[in-house]
Participant: 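One structure, as structure tokens, below. Some questions next.
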Amino acid sequence: MSDRLSCLVPGCRRTRSPLPPCREWICGNHWPLVPKQFRRAYAHAKRRHKPDAALDRIWARCRRAAIAENFTR
């Protein structure tokens, strides 16, 4: 069996195959829990090919928001 990426939200059982640039992943059920402004900022930074440090900062914000929202629901 090959290695799989699990959704970052604790308790979520969804997985996907690990594509080379991906180290972390938020599943489709939990991605909508991230505020729209964070999702838009992340997509915009990816489209503009921003430096990895900038993408990492935005991704960390998205990750924290998804985990926090999961616990409030």
Side-chain angles (χ1 to χ4, degrees):
M1 180 172 249
S2 65
D3 292 331
R4 309 253 325 149
L5 285 177
S6 297
C7 177
L8 287 174
V9 177
C12 183
R13 297 181 58 187
R14 296 187 82 184
T15 63
R16 67 174 267 189
S17 63
L19 298 176
C22 295
R23 297 180 314 273
E24 298 178 330
W25 173 66
I26 299 173
C27 72
N29 289 343
H30 294 108
W31 185 244
L33 298 179
V34 176
K36 188 179 277 191
Q37 66 185 17
F38 293 172
R39 290 182 281 150
R40 283 184 177 168
Y42 185 71
H44 184 264
K46 279 180 62 174
R47 279 194 312 272
R48 299 288 181 191
H49 301 287
K50 296 291 182 180
D52 288 340
L55 281 173
D56 289 344
R57 281 192 305 272
I58 299 169
W59 178 254
R61 213 183 266 175
C62 293
R63 178 179 53 225
R64 283 191 304 268
I67 292 170
E69 278 296 317
N70 184 54
F71 287 120
T72 60
R73 286 186 178 220

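Throughout, numbering of the chain's residues begins at 1 and tracks the sequence.
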Participant: Return all side-chain donor-acceptor pairs below 3.5 angstrom for residues 12-38, not counting sequence neighbours, or 'none' if the list is empty.
Facilitator:
from, atom 1, to, atom 2, distance (Å)
R14, NH1, N29, OD1, 3.3
T15, OG1, R4, NE, 3.3
E24, OE1, W59, NE1, 2.6
E24, OE1, R63, NH1, 2.6
E24, OE2, R63, NH1, 3.0

Participant: If the condition is side chain to side chain contact (heavy atoms under 4.5 Å, CB included), which residues does A54 pass it with, not counting sequence neighbours?
Facilitator: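 Testing A54 for side chain to side chain contact (heavy atoms under 4.5 Å, CB included), a comparison that skips the adjacent residues, returns K50, P51, R57.
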Participant: List for me each residue that meets side chain to side chain contact (heavy atoms under 4.5 Å, CB included) alongside P10, sequence neighbours excluded, and say none if there are none.
Facilitator: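 Here the qualifying residues are I67, F71.
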Participant: Give me the other members of the hydrophobic cluster that V9 sits in, counting Ile, Leu, Val, Met, Phe, Trp and Tyr linked by side-chain heavy atoms under 4.5 Å, directly or via other members.
Facilitator: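 None, because no other hydrophobic side chain comes under 4.5 Å of this residue.
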Participant: Report the distance from atom NE2 of H44 to atom CD1 of I58, rounding to the nearest 0.5 Å.
Facilitator: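 Result: 9.5 Å between the selected atoms.
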